[in-house]
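I have placed the structure first, in the form of structure tokens, so that the comments after it can refer back to it.
Just so it is clear, the structure is predicted and the values come from calculations on it, not from any experiment. In each ligand, atom 1 is the first atom listed, and ligand 1 is the first ligand listed. Basis for what follows: all heavy atoms, side chains included, without hydrogens, waters or symmetry-related copies.
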Amino acid sequence: MQASSRSAVATMLPASAYVDPVVYERERQAIFAREWAFAADTVQLSSPGSYVATTVAGYPIVVVNDAGTLRGFQNVCRHRGGPLVWDGGGSCKGFVCRYHGWSYGLDGALQTARDFGDDALPRDGLSLHDVRVEAWRGLVFVNLERGAPALVDWLGGFAGECDGYAMESFRPVRRSSHRISANWKVYAENYQEGYHIPLVHPGLNRQIDARRYEVDVREGYCVHRAPAREGAVTSGTWLWRFPGLALNLYPNGMCLETYAPVGAGETQIEYVFFFAEGTGADEIEASVASSTAILDEDRVICEVVQRNYASGLYGGGLLSPRHEAGVAYVQELVLRATAAALAP
Ligand code: FES
Ligand SMILES: [Fe+2]
């Protein structure tokens with residue numbers, strides 16, 4: 001019988017990939033301008049005129065309910081780049097640019113160019129630039145790339161993993177935003193392994209058996225698993241999808257997490273906590289507090305790692321065959337996406 005051997009592999013990205021603004025710009029264009037990004041939940045966009053503004057890796061986007069149809073636009077005026085909306089969301093009958101007051105319908109068509117002084121202005125060519133919008137099971141995603149696959153095809157097997165959960169019946173009850181001073185890949189790689197749990201997350205380590213934490217690498221996404229310790233109640237399905245989407249599903253709720261870069265050394269993280277109707281306030285508070293504590297612990301370690309990469313002393317390392325297949329997968333997908341973008 002042949003013994004199976006698994007050897008450590010070297011990390012594939014140099015430290016500079018985590019600190020170089022040129023790499024950040026390349027990844028914005030090669031990854032975040034081409035992948036689907038969570039923008040809102042359908043509850044936020046349920047009434048005509050309701051809108052949500054968001055920024056994904058520096059790209060400002062607004063999604064609106066136009067008489068029952070979800071539309072997405074760049075949140076950038078066609079006159080000289082002003083913002084159509086500058087709050088995170090609300091309700092409106094149309095968009096009025098906050099700079100000089102050009103107005104647009106909810107379908108993106110230019111309606112008036114206030115006091116512009118050109119009667120022959122070619123209105124038809126001055127509609128807002130649209131972005132693709134698709135909804136899946138109560139979650140609304142946007143994509144700047146016209147040729148991107150349909151959202152369900154992009155989700156692929158990730159969507160199938162959610163089949164057993166009543167996602168549409170869950171209600172978004174809490175949201176929180178966080179900024180960490182670390183490259184988005186430092187955060188993604190940290191997310192993709194349970195190896196650090198005993199040292200970084202003592203509370204979580206009491207709930208789950210981290211030695212048996214597994215990350216199954218699938219096509220574009222990963223499934224995380226860890227058995228609960230005796231008496232603990234942790235159960236459910238934990239999913240991650242490249243580049244910045246994580247969804248933890250439980251019988252009575254789900255926690256959606258997204259992250260995206262805002263610079264080479266800064267990452268924006270958003271959480272939405274959904275629960276089934278009738279979930280008690282104590283349970284909601286406990287769940288939010290637990291996620292926030294884990295994030296705070298990850299923030300500390302990610303920010304130190306970022307500083308170490310930026311210091312110039314780190315020259316690459318090794319990945320555990322037992323624990324860090326998910327980290328290798330992040331690096332592989334980043335390399336694949338950026339190589340494809342650089343190809344002539
Ligand atoms: S930039 Fe929008 S009206 Fe001038
Ligand atoms: Fe962690």
Side-chain angles (χ1 to χ4, degrees), residues 53 60-62 73-87 92 94-106 108-118 121-123 125-129 176 178 180-215 222 224-226 234 236 238-240 244-248 255 257-259 267 269 271 287-306 319-320 323-327 329-330:
I61 290 159
V62 60
F73 302 105
Q74 298 176 7
N75 186 8
V76 179
C77 179
R78 295 296 308 277
H79 174 218
R80 281 177 44 226
L84 307 166
V85 298
W86 53 21
D87 52 0
C92 66
F95 299 116
V96 179
C97 176
R98 304 304 180 111
Y99 200 177
H100 311 96
W102 282 25
S103 64
Y104 300 85
L106 297 182
L110 177 65
Q111 292 182 330
T112 59
R114 183 188 66 82
D115 199 24
F116 190 64
D118 178 358
L121 191 67
R123 225 163 272 240
L126 290 169
S127 294
L128 296 173
H129 288 303
S176 63
H178 310 268
I180 69 167
S181 295
N183 182 271
W184 72 276
K185 301 186 294 300
V186 169
Y187 187 76
E189 293 173 10
N190 173 73
Y191 191 95
Q192 279 280 81
E193 48 95 351
Y195 193 26
H196 68 278
I197 289 172
L199 285 91
V200 174
H201 303 301
L204 179 61
N205 195 44
R206 285 191 289 275
Q207 301 277 315
I208 62 172
D209 182 355
R211 285 169 310 170
R212 291 159 66 200
Y213 196 105
E214 285 178 25
V215 177
C222 294
H224 291 220
R225 283 195 192 83
T234 302
W238 306 336
L239 301 169
W240 171 91
L245 173 69
L247 185 62
N248 289 354
C255 175
E257 176 179 351
T258 63
Y259 57 85
T267 298
I269 300 166
Y271 282 97
S287 172
V288 172
S290 160
S291 289
T292 307
I294 290 170
L295 174 61
D296 286 341
E297 291 161 351
D298 283 325
R299 175 205 308 277
V300 171
I301 197 66
C302 286
E303 291 186 347
V304 176
V305 167
Q306 179 72 21
L319 297 175
S320 157
H323 293 290
E324 294 177 307
V327 179
Y329 196 46
V330 171

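H196 and D298 share a side-chain donor-acceptor pair at under 3.5 Å.
Here the side chain of Q306 pairs a donor or acceptor atom with the backbone of N183 at under 3.5 angstrom. When atom types are taken as modelled, the side chain of E303 and the backbone of S181 share a donor-acceptor pair closer than 3.5 angstrom.
Angle subtended at the Fe ion (ligand 2) by H196 NE2 and H201 NE2: 100°, rounded to 10 degrees.
Scored by the salt bridge (charged side-chain N to carboxylate O under 4.0 Å, His left out) test, R123 finds no partners at all (sequence neighbours excluded). Legend: residues meeting salt bridge (charged side-chain N to carboxylate O under 4.0 Å, His left out) with R80, ordered by chain and number and at least two apart, are absent.
Closer than 4.0 angstrom to ligand 1 lie heavy atoms from C77, H79, R80, G81, G82, C97, Y99, H100, G101, W102.
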Would you be so kind as to tabulate the donor-acceptor pairs closer than 3.5 Å made by side chains of residues 94-102, with sequence neighbours excluded?
{"residue": "H100", "atom": "ND1", "partner": "H79", "partner atom": "ND1", "Å": "3.1"}

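Ring centers of Y213 and H224: under 6.0 Å apart, within the cut-off.
In summary, an N, O or S atom of D298 is located under 2.8 Å from the Fe ion (ligand 2).
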